[in-house]
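A short write-up of the structure that comes next.
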Amino acid sequence: KHAVDIEWIENNPVTNITKLKGGEYEAWPETKLKAYENYCDRNNLSTARIIYELAIGTGQRLGDCCTMKWSDFDGEYMSVIQQKTKKPLTIYTPSRLQDYLVQLPKRSTFILGRNLTQHLGKRAVQKSVETVRAAIGVAGIGNPARLVVHGWRYTAVTQLADAGVSDSDIQAVSGHKTLAMIIKYRQQANQKKASKRAQKAR
């Protein structure tokens, strides 16, 4: 567009290109969450397990979880400044995450520390997760059972919606800028419950 504006070219070559269908992020089903946990525990994969607990427990993106410091966690709340939105959040952590963090050794400034003063990079963390995804059968392009790491964020939102939490309260955890994505997952949760009511009545 800029090249057209300054008359370097006459037409924008990317106008009217049909968008590729890439699918959507899906919340992970309970069976796959358990499979992930069990594989990490059996193989002592601490990095893959820590990022999983942080992502689902706080509902934050992978990059934000990588930069979480021990000083950000006061035993109940996790302080986060989202890299994408620059939005500061103070998120109450569920008891499961509180208990998990308490038993972790503190060998770095960061919860996912590479050394004393640096955190593990996003790519290194993703690599640790990819090993588990491949092992439990949710990796690979074209795999109908494919589930991605960003789906953990939607897992958190879906679990909150299933628990009957209001959209604004879910937004206080996830930090979504708009309610559109939250409403989508709320509708999925409501549909699931409605189908149960209907079938039980039947």
Rounded to the nearest 0.5 Å, the OH atom of Y100 sits from the OG atom of S95 at a distance of 15.0 Å
Using side chain to side chain contact (heavy atoms under 4.5 Å, CB included), reason through V4 and N11 one step at a time and then give a plain yes or no. CA-CA 6 Å; V4 171; N11 300 306; 5.8 Å; no
Looking at S174, is its backbone amide N or carbonyl O close enough to the side chain of Q82 to form a donor-acceptor pair, meaning the two atoms are under 3.5 Å apart? yes
Indicate the ring-plane relationship of Y92 and Y77, choosing parallel, tilted or perpendicular according to the 30° and 60° boundaries. perpendicular
Roughly how far apart are F73 CZ and K106 NZ, rounded to 0.5 Å? 8.0 Å
Determine, stepwise, if the pair R133 / E130 fulfils salt bridge (charged side-chain N to carboxylate O under 4.0 Å, His left out). CA-CA 5 Å; R133 288 181 64 237; E130 290 310 305; 2.6 Å; yes
Is there a side chain to side chain contact (heavy atoms under 4.5 Å, CB included) between I182 and L160 once you walk through the steps? CA-CA 10 Å; I182 293 169; L160 289 163; over 6 Å; no
Which pair of heavy atoms, one from I136 and one from Y39, lies closest together, and at what distance? CG2-CB, 4.2 Å
For the backbone of L97 and the side chain of E53, can you confirm whether one donor and one acceptor N or O come within less than 3.5 Å of each other? no
Between the side chains of E37 and Y52, is a donor N or O closer than 3.5 angstrom to an acceptor N or O? yes
Criterion side chain to side chain contact (heavy atoms under 4.5 Å, CB included) on L120 and T47, from CA distance to verdict: CA-CA 9 Å; L120 281 171; T47 298; 3.8 Å; yes
How many angstroms lie between CG in L33 and OG1 in T31, if you round to the nearest 0.5 Å? 7.5 Å
When you measure from the side chain of W152 to the backbone N and O of Q60, does any donor-acceptor pair fall under 3.5 Å? no
Go through N12 and K1 one step at a time and tell me if the side chain to side chain contact (heavy atoms under 4.5 Å, CB included) criterion holds. CA-CA 6 Å; N12 185 340; K1 185 179 182 300; 4.3 Å; yes
Should Q171 and V157 count as side-chain neighbours, where that means a heavy-atom distance under 4.5 Å? no
Examine distances only and state if a side-chain atom of N115 and a backbone atom of T117 form a donor-acceptor pair shorter than 3.5 Å. yes
Interatomic spacing from NZ in K122 to CG in L62 - rounded to 0.5 Å: 6.0 Å
Name every donor-acceptor pair, under 3.5 Å, that has one atom in a side chain of residues 194-202 and the other anywhere in the protein, sequence neighbours excluded.
{"residue": "S195", "atom": "OG", "partner": "K192", "partner atom": "O", "Å": "2.7"}
{"residue": "Q199", "atom": "OE1", "partner": "R202", "partner atom": "NH1", "Å": "3.1"}

Main-chain N/O of T93 paired with Q98 side-chain donor or acceptor, under 3.5 Å: yes
Does any part of the side chain of W28, heavy atoms only, come nearer than 4.5 Å to the side chain of Y36, both counted from C-beta? yes
Can you give me the closest heavy-atom contact between I91 and A172, atom names plus distance? CG1-O, 4.4 Å
With distance as the sole test, does N43 use its side chain to make a donor-acceptor pair with the main-chain N or O of L45 at under 3.5 Å? no
Which value, rounded to the nearest 0.5 Å, describes the distance between R61 atom CZ and T85 atom OG1? 6.0 Å
Test salt bridge (Lys or Arg N to Asp or Glu O under 4.0 Å) applied to D72 - qualifying residues, sequence neighbours left out: none
Are side-chain heavy atoms of V80 and M68 found at a separation under 4.5 Å? yes
Test item: T109 side-chain N/O and L116 main-chain N/O as donor-acceptor pair under 3.5 Å: yes
Are side-chain heavy atoms of I111 and M78 found at a separation under 4.5 Å? yes
Main-chain N/O of G137 paired with N143 side-chain donor or acceptor, under 3.5 Å: yes
Donor-acceptor check, side chain of R153 to backbone of G59, threshold 3.5 angstrom: yes or no? yes
K87 side chain near L89 side chain, heavy-atom distance below 4.5 Å: yes
Say whether, by atom type as modelled, one donor and one acceptor occur between the side chain of D64 and the main chain of Q83 under 3.5 angstrom. yes
For the residue pair I81 and P88, establish whether any side-chain heavy-atom pair is separated by less than 4.5 Å. yes
